[in-house]
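To keep things clear, I will list the structure first and then write my remarks on it.
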Amino acid sequence: MKIVCLSTYPVDAPRHGGQHRLANIVAALRAAGHDIRSAGVAGSASYPPSQYFIDFPGEKTMAPVTDDNPFMDDWGLGELFGVEGPQFQALADKIGIVPDAIFVEQPWMFRFAERFNRSRCNGRAILLYGSENVEHRLKFDILRRYKSEKIAADGRDKVLACELHALKHAAQTFCVSQGDIDWSKDYAPSPPILAANGVIDRQTTLDDIAAASTITEGRKFALYCASAHPPNIEGFFDLFGAGAGCFPPPTRLVTAGGAGVFIGRDQRLHRAGSLARQYIDAGEVSEEVLRGLLATAHMIILPLTSGGGTNLKAAEAIWAGQHVVGTTIAMRGFERFIGARGITVADGGPAFCNAIREVFMKPNLALHPDERADRSSVLWPNTLSDLANAITAMGPAA
């Protein structure tokens, strides 16, 4: 089939979790024999140009739609592009093909997909919805940290309406966790299918390790991989904000990804005891450096205290084969690994810090071959196999 994958982020050079997920969905569908075109509108000006994407419209265009609330830009893009007008026409023209199916990742562009289907596909395209979260809950959690309770409730209600519309009108919905399925199934016309988050199978070289050592200076360290998504930053301070004496003096805490610069600039870091002196912001790292960091970390931490869906970094940590210290929320969707050797779950600042302290006292983790084989269930080809099979069953491959 010819399939258009619609989103608010291009996947040419993935950086954050949503991009990695959609890039692997695109790869899985191509591997199943389908002709795939990733298209949409960039959700911020920070994304580089992409062939079938419209640039972010700009804050002046978005402000009247979102009441000048940048946390609602994703929802606002759906409102802007989902109605007849120059934005709709520009993106419809940019797509340039008549697909057999339209896969909408997250609910934001679903109304655009419906209008595009009617106007360009004679209503014949199959509409598919890829859910990454129970979005209205996540939006409420984010908004209430930065805005008033009234603004947070209004944002939640708007996102809920958008989310329910996608669930009710998609021919098939795919969810990242059983918990998300349990909520979604009451609204979807057919039972949602599990398409869990996963990880690629990285093969580390000596050059990768050398590149990582320029950041870590060969010290024993804990690794936190996180984008600048607000729950990643707030979770960090929820658990370490009162102090973090769990890092022995020679050790370091390395943050890789967009969250690092925001954590480093936050005054709460400097109130967390000696942590500011032991903190290393590696920034946005290359794939080579990331492989080296994952291979040489003594432990990988997952300090999440809010957010929906599941965490790609949990899959990454599970597959890396190092010690893992994470919260119950961070392990959502990967509960079967709770209690596995090397994986510690702790909630609340004192318990989380105590777990880190104890893990630093343990030797490096070395997985047995059978343990490694069991963890292969988190690899993307395995987590997305039901999604690819279900979509292939809907029509002939190209």
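A quick note: this is a predicted structure, and the numbers were derived from the prediction, not measured. Keep in mind that the numbers below use all heavy atoms, side chains included, and drop hydrogens, waters and symmetry copies.
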(message) Can you tell me how the ring of His16 sits relative to the ring of Tyr9, calling it parallel under 30°, perpendicular over 60° and tilted otherwise?
(response) perpendicular
(request) Apply salt bridge (Lys or Arg N to Asp or Glu O under 4.0 Å) to the pair Asp55 and Lys94, showing each step before the final yes or no. (result) CA-CA 11 Å; Asp55 292 338; Lys94 178 78 78 171; over 6 Å; no
List the residues meeting side chain to side chain donor-acceptor pair (under 3.5 Å) with [X], not counting sequence neighbours, and say none if there are none.
{"X": "Trp183", "answer": "none"}
{"X": "Thr383", "answer": "none"}
{"X": "Arg120", "answer": "Gln89, Asp93"}
{"X": "Arg137", "answer": "none"}

Residue pair [X] / [Y], side-chain heavy-atom distance below 4.5 Å:
{"X": "Pro192", "Y": "Asp180", "value": "no"}
{"X": "Cys121", "Y": "Val98", "value": "yes"}
{"X": "Leu6", "Y": "Phe81", "value": "no"}
{"X": "Leu29", "Y": "Leu387", "value": "yes"}
{"X": "Trp380", "Y": "Arg21", "value": "yes"}
{"X": "Leu143", "Y": "Met72", "value": "yes"}
{"X": "Phe221", "Y": "Ile280", "value": "no"}
{"X": "Leu239", "Y": "Thr327", "value": "yes"}

[X] to [Y] - nearest heavy-atom pair and separation:
{"X": "Ala297", "Y": "Leu223", "answer": "CB-CB, 3.9 Å"}
{"X": "Gln106", "Y": "Glu135", "answer": "NE2-OE2, 2.8 Å"}
{"X": "Phe174", "Y": "Ala195", "answer": "CB-CB, 4.2 Å"}
{"X": "Ala153", "Y": "Phe140", "answer": "N-CE1, 3.8 Å"}
{"X": "Ala320", "Y": "Arg372", "answer": "C-NH1, 4.0 Å"}
{"X": "Pro231", "Y": "Ser306", "answer": "CB-OG, 3.7 Å"}

Check whether [X] reaches the backbone of [Y] with its side chain - one donor and one acceptor, N or O, closer than 3.5 Å.
{"X": "Asp386", "Y": "Ile193", "answer": "no"}
{"X": "Glu149", "Y": "Arg144", "answer": "no"}
{"X": "Ser190", "Y": "Ala171", "answer": "yes"}
{"X": "Lys313", "Y": "Ala226", "answer": "no"}
{"X": "His298", "Y": "Lys362", "answer": "yes"}
{"X": "Arg252", "Y": "Pro249", "answer": "yes"}
{"X": "Asn197", "Y": "Ala315", "answer": "no"}
{"X": "Asn24", "Y": "His20", "answer": "yes"}

(message) For Asn389 and Thr392: C-alpha separation, side-chain torsions, deciding distance, then whether side-chain hydrogen bond (donor to acceptor under 3.5 Å, both in side chains) applies.
(response) CA-CA 5 Å; Asn389 291 339; Thr392 299; 5.6 Å; no
(message) Taking transitive links into account, so neighbours of neighbours count too, which hydrophobic residues share a cluster with Ile181 at under 4.5 Å side-chain distance?
(response) Leu194
(request) Would you mind listing the cluster partners of Leu365? Hydrophobic ones only (ILVMFWY), side-chain contacts under 4.5 Å, chaining allowed. (result) Leu367
(request) Dump the intermediate steps for side-chain contact (heavy atoms from CB on, under 4.5 Å) on Phe53 and Asp12, then the final yes or no. (result) CA-CA 11 Å; Phe53 272 75; Asp12 310 278; 5.7 Å; no
Does anything in [range] pair up under side-chain hydrogen bond (donor to acceptor under 3.5 Å, both in side chains), and if so which pairs, sequence neighbours excluded?
{"range": "residues 226-243", "value": "Arg145-Glu234, Arg145-Asp238, Tyr146-Glu234, Ser227-Asn232, Glu234-Arg268, Asp238-Thr305"}
{"range": "residues 61-79", "value": "Asp74-Lys139"}
{"range": "residues 271-284", "value": "Thr255-Tyr279, Ser274-Gln278"}

(message) Can a side-chain donor-acceptor contact be found between Asp208 and Thr205 if the only test is distance below 3.5 angstrom?
(response) yes
(message) Does either side chain, that of Asn311 or that of Arg332, offer a donor lying less than 3.5 Å from an acceptor on the other one?
(response) no
(request) Show your working on side-chain contact (heavy atoms from CB on, under 4.5 Å) between Leu253 and Ile301 and close with a plain yes or no. (result) CA-CA 9 Å; Leu253 169 58; Ile301 64 170; 3.7 Å; yes
(message) The criterion is side-chain contact (heavy atoms from CB on, under 4.5 Å); which residues satisfy it with Ala276, sequence neighbours excluded?
(response) Leu269, His270
(request) Not counting sequence neighbours, which residues clear side-chain contact (heavy atoms from CB on, under 4.5 Å) with Arg202? List them please. (result) Val199, Ile200, Glu287, Leu290, Arg291, Leu294, Glu316
Out of curiosity, does [Y] fall in the hydrophobic cluster containing [X] (side-chain heavy atoms, cut-off under 4.5 Å, transitive links)?
{"X": "Leu138", "Y": "Met331", "result": "no"}
{"X": "Ile300", "Y": "Val325", "result": "no"}
{"X": "Val159", "Y": "Phe110", "result": "yes"}
{"X": "Ile25", "Y": "Val4", "result": "no"}

(request) Name all residues meeting the salt bridge (charged side-chain N to carboxylate O under 4.0 Å, His left out) criterion together with Arg357; count only those two or more places apart in sequence or in a different chain, and write none if there are none. (result) none
(request) Please report the C-alpha distance between Met62 and Leu80 in whole Å, then the side-chain angles of each, then the deciding distance to 0.1 Å, and finally whether the side-chain contact (heavy atoms from CB on, under 4.5 Å) criterion is met. (result) CA-CA 8 Å; Met62 295 300 299; Leu80 195 63; 4.0 Å; yes
(request) Kindly indicate, with the supporting measurements, whether the criterion side-chain contact (heavy atoms from CB on, under 4.5 Å) is fulfilled by Gln172 and Phe103. (result) CA-CA 10 Å; Gln172 182 62 61; Phe103 183 96; over 6 Å; no
Roughly how far, to the nearest 0.5 Å, is the [atom2] atom of [Y] from the [atom1] atom of [X]?
{"X": "Ser38", "Y": "Gln19", "atom1": "OG", "atom2": "CD", "value": "9.5 Å"}
{"X": "Ser184", "Y": "Glu163", "atom1": "OG", "atom2": "CD", "value": "7.0 Å"}
{"X": "Thr173", "Y": "Leu127", "atom1": "OG1", "atom2": "CG", "value": "10.5 Å"}
{"X": "Ile356", "Y": "Thr344", "atom1": "CD1", "atom2": "OG1", "value": "10.0 Å"}

(message) Counting neighbours of CZ on Arg124 that are heavy atoms of other residues, nucleotides or ligands and sit closer than 6.0 Å, is the number greater than 12?
(response) no
